Enquirer: 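Okay, here's the structure, questions in a sec.
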Amino acid sequence: MSIAFRSSGFLISPAVSVVGRRNLKSSLPIKWVRPEKIPCIKPQKSGDLKPVIEIDSTHYPLEFRNSEELKTADETVKRLFSLQYFPKNKTVEVIRATYLDKVKRHQFDTRSPEARVAKMTADIRCMQQHMDKFPKDVKTKVCLKEVIDKRKKLLKFLRTWDYKCFEWILDRLDLIYKPFPPQDVYKRIERKRSLRMLTDKYCEDIINRRLNEYKESLEAQQETFLENKIRTLKWIMKEEMDCGLDTSINEDDIKAVEDKLENLRKTKVGSLNG
C-alpha cells in the first residue's frame, strides 16, 4: 500500500515514482556487456601457449625404454608392453620426462628450478586436457589450481634472481608469465563502475571531438585573421605618424606578420600537393 502526498501542486505516489525510476533508460549510446569469465585453470589464464604433447601409444614406459629383452621379443609381447596397455599415469610419466629433457641441466637433474617448472608444466597440461573431457571433476580442478599457483611462485622467484634463465624457460616450454594481480590494483568487474568509466570515456571523446572541430575552424580563419592584422597594423602606424606621435608599431612588426602569413600559405600549398 502506497501513501500519496502532495508536493508543489503535484500528486506523487512513492511506489509509482520508484517503479518509474527503475524503468528509466539512459539516452547515451552506451551498452555494457559483462565479459565472459575465464576460469583460472584455462590455458588463457595459466599462460600455457600450447596443449600437452601427444605421445605415441606404441612407445614403452620409462622403466622398459632401455630393455634389451624387448628389442628381440615377439611383436605381441612388444605391443603388450607398450603404453597402450598401461595405466594413464605411465603416459604422464613419459610426458613429464619429455618436458624435463628440454630444460634439465644434466642427466640426473630433477630438483633444479628449471626441472621443477618443466614437471609442473607437464602435470598442468595433462590435467587441463583431463578437465576438457571431465569438467565436473572437482578434485582434479582443485589440484590443477594448486599446481598453477606453485608454478607462478617458482617463476616469480626465477624472474627475480635469474632473469635470463626465466626467459629461456618461457621460450623452451611455450609459456607466458602471468603474475598474481596486486591486491591494491585489482578490482572486481562491476556494472556500475564499468558504466561510469564508459560514460567518462564517452564524454571525453565528445570534448576532444569538439575541441578538434573548434581548432580546425580557427585554423581555417587564420589566413583571414593575419591579413586583417596586417591591414590594422599599417593603419595604426599611419594614424600615429599623421598625429605626430611616437609609433608603437614599426616595419619589423608588420614584416613578421607578413612572413607568418607567407609560411602559412606555403604550408597549405604543400599539404594540398602532398
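Predicted model, so just to flag it, every value in this text is computed and none were measured. Computed over heavy atoms, backbone and side chain alike; hydrogens, waters and symmetry mates excluded.
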Enquirer: With rounding to the nearest 0.5 angstrom, report the CD to CG distance, E258 to N263.
Expert: 12.0 Å

Enquirer: Just by modelled atom types, is the I38 backbone N or O under 3.5 Å from a matching donor or acceptor in the K45 side chain?
Expert: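 Yes.
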
Enquirer: What residues, two or more places apart in sequence or in another chain, satisfy ring pair (Phe, Tyr, Trp, His ring centres under 6.0 Å) together with F134?
Expert: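 F134 satisfies ring pair (Phe, Tyr, Trp, His ring centres under 6.0 Å) with H130 once adjacent residues are dropped.
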
Enquirer: Under 6.0 Å from the CD1 atom of I189, do we count more than 12 heavy atoms belonging to anything else shown?
Expert: no

Enquirer: Check this for me, if you would: do D74 and K78 make a salt bridge, where the nitrogen-to-carboxylate-oxygen distance has to be below 4.0 angstrom?
Expert: no

Enquirer: Taking NZ, NE, NH1 and NH2 as the nitrogens, is one of them in K145 or D149 under 4.0 Å from a carboxylate oxygen of the other?
Expert: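 Answer for the salt bridge query: yes.
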
Enquirer: How is the hydrophobic cluster of I249 composed, in terms of its other members, when Ile, Leu, Val, Met, Phe, Trp and Tyr link through side-chain heavy atoms under 4.5 Å apart, directly or indirectly?
Expert: F225, L226, I230, L233, W235, I236, M237, M241, I254, V257, L261, L264

Enquirer: Taking only Lys NZ, Arg NE, NH1 and NH2, and the carboxylate oxygens of Asp or Glu, determine whether E262 and R265 approach each other closer than 4.0 Å.
Expert: no

Enquirer: Taking it one step at a time, do R79 and E75 satisfy salt bridge (charged side-chain N to carboxylate O under 4.0 Å, His left out)?
Expert: CA-CA 6 Å; R79 186 161 55 89; E75 292 298 326; over 6 Å; no

Enquirer: Using a 4.5 Å cut-off on heavy atoms from C-beta on, say whether the side chain of L83 contacts that of Y60.
Expert: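 Contact flag for Y60/L83 side chains = no.
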
Enquirer: When rounded to the nearest 0.5 angstrom, what is the spacing between CG in L211 and CD1 in I206?
Expert: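 Reported to 0.5 Å precision, the distance equals 12.0 Å.
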
Enquirer: Would you call the rings of F81 and F64 parallel, tilted or perpendicular if under 30° counts as parallel and over 60° as perpendicular?
Expert: perpendicular

Enquirer: Same hydrophobic cluster for I53 and L170, using side-chain heavy-atom links shorter than 4.5 Å among ILVMFWY?
Expert: yes

Enquirer: If you link I, L, V, M, F, W and Y whenever their side-chain heavy atoms are under 4.5 Å apart, who else ends up in the same group as I176?
Expert: L49

Enquirer: Under 6.0 Å from the CZ atom of R209, do we count more than 12 heavy atoms belonging to anything else shown?
Expert: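 It does: R209 CZ has more than 12 such atoms within range.
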
Enquirer: Decide whether T98 and D101 meet the rule of one side-chain donor and one side-chain acceptor closer than 3.5 Å.
Expert: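 Looking only at side-chain atoms, D101 and T98 do not form any donor-acceptor pair under 3.5 Å.
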
Enquirer: Are V92 and I124 co-members of a hydrophobic cluster defined by side-chain heavy atoms under 4.5 Å apart?
Expert: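 In one cluster with I124: V92, no.
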
Enquirer: Evaluate salt bridge (charged side-chain N to carboxylate O under 4.0 Å, His left out) for R151 paired with D48, printing each intermediate quantity in order.
Expert: CA-CA 11 Å; R151 187 179 66 177; D48 293 272; 3.0 Å; yes

Enquirer: Can you tell if the side chain of W168 reaches within under 4.5 Å of the side chain of V103, non-hydrogen atoms only?
Expert: yes

Enquirer: Cut-off 3.5 Å, no hydrogens considered: what does the side-chain donor-acceptor table look like for residues 154-166, sequence neighbours left out?
Expert:
| residue | atom | partner | partner atom | Å |
| --- | --- | --- | --- | --- |
| T160 | OG1 | K156 | O | 2.9 |
| D162 | OD1 | C165 | N | 3.3 |
| Y163 | OH | E167 | OE2 | 3.4 |

Enquirer: Does a salt bridge link K255 with D259, judged by any charged N lying under 4.0 Å from a carboxylate O?
Expert: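 Yes, charged N to carboxylate O under 4.0 Å.
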
Enquirer: Please confirm whether the backbone N or O of K215 pairs with a side-chain atom of N212, one donor and one acceptor, at under 3.5 Å?
Expert: no

Enquirer: Does a side-chain N-to-carboxylate-O contact under 4.0 Å join D132 and K42?
Expert: yes

Enquirer: Between E93 and E63, which heavy-atom pair has the shortest distance, and what is it?
Expert: OE1-OE1, 4.3 Å

Enquirer: Within the side chain of K178, is there an N or O that forms a donor-acceptor pair under 3.5 Å with the backbone of Q44?
Expert: yes

Enquirer: Give me the atom names and distance for the closest heavy-atom approach of S82 to S57.
Expert: CB-O, 3.4 Å

Enquirer: Taking all heavy atoms of Q128 and all of I41, pick out the closest pair and write down the distance.
Expert: NE2-O, 3.0 Å

Enquirer: State, with a plain yes or no, whether a side-chain heavy atom of D137 is found less than 4.5 Å away from one of M131.
Expert: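 A side-chain contact exists here, since the closest heavy-atom pair is under 4.5 Å.
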
Enquirer: Taking a hydrophobic cluster as the set of Ile, Leu, Val, Met, Phe, Trp and Tyr residues connected by side-chain heavy atoms closer than 4.5 Å, whether directly or through intermediates, do V94 and L70 fall within one such cluster?
Expert: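 No, no single cluster joins them.
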
Enquirer: Please give the remaining members of the hydrophobic cluster of L218, linking ILVMFWY side chains under 4.5 Å, ordered by chain and number.
Expert: Y214

Enquirer: Can we say K260 and E223 salt-bridge, meaning some charged N sits less than 4.0 Å from an Asp/Glu carboxylate O?
Expert: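 Looking at E223 together with K260, the answer is no, because their closest N to O distance does not fall below 4.0 Å.
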
Enquirer: So, does Q129 use its side chain to make a donor-acceptor pair with the main chain of V52 at under 3.5 Å?
Expert: no

Enquirer: OG1 of T199 to CD1 of I30: how many Å apart, nearest 0.5 Å?
Expert: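 Going from OG1 on T199 over to CD1 on I30, the span is 3.5 Å.
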
Enquirer: Between F180 and K152, is there a cation-pi geometry (under 6.0 Å to ring centre, at most 45° from the normal)?
Expert: yes

Enquirer: Would you mind checking if D174 and K102 are paired as a salt bridge, meaning a charged N to carboxylate O distance below 4.0 Å?
Expert: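 Salt bridge flag = no for D174 with K102.
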
Enquirer: Rounded at 0.5 Å granularity, tell me how far CZ in R193 sits from CZ in R196.
Expert: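 If I round to the nearest 0.5 Å, the distance is 9.0 Å.
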
Enquirer: So, T58 versus Q84: side-chain donor-acceptor pair below 3.5 Å or not?
Expert: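 T58 vs Q84: no donor-acceptor pair found between side chains.
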
Enquirer: With a 4.5 Å cut-off on side-chain heavy atoms, are C143 and M127 touching?
Expert: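 Side-chain contact under 4.5 Å: yes.
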
Enquirer: Tell me whether K141 is salt-bridged to E146, with the criterion being a basic N under 4.0 Å from an acidic carboxylate O.
Expert: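 Looking at K141 and E146, the cut-off is not met.
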
Enquirer: Please name the residue in the list K104, R105, R172 that meets the side-chain hydrogen bond (donor to acceptor under 3.5 Å, both in side chains) test with E114.
Expert: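 Per the side-chain hydrogen bond (donor to acceptor under 3.5 Å, both in side chains) rule, the option paired with E114 is R105, out of K104, R105, R172.
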
Enquirer: Once you round to the nearest 0.5 Å, how far does NZ of K88 lie from CD1 of I95?
Expert: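 Reported to 0.5 Å precision, the distance equals 8.0 Å.
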
Enquirer: Going from NZ on K192 to CH2 on W32, what distance comes out if it is rounded to the nearest 0.5 angstrom?
Expert: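 CH2 of W32 is found 12.5 Å from NZ of K192.
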
Enquirer: Not counting sequence neighbours, which residues clear side-chain contact (heavy atoms from CB on, under 4.5 Å) with D252? List them please.
Expert: N250

Enquirer: Would the number of heavy atoms belonging to other residues, nucleotides or ligands and lying under 6.0 Å from NZ of K201 be above 12?
Expert: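 Not buried by this count: 12 neighbours or fewer within 6.0 Å.
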
Enquirer: Could you walk me through whether K71 and E68 pass the salt bridge (charged side-chain N to carboxylate O under 4.0 Å, His left out) test, one step at a time?
Expert: CA-CA 5 Å; K71 293 180 181 179; E68 295 294 336; 3.5 Å; yes

Enquirer: Identify the heavy atoms of A115 and L100 that sit nearest to each other, and give their distance.
Expert: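 Nearest pair, atom of A115 first, then L100: CB-CD1, 3.3 Å.
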
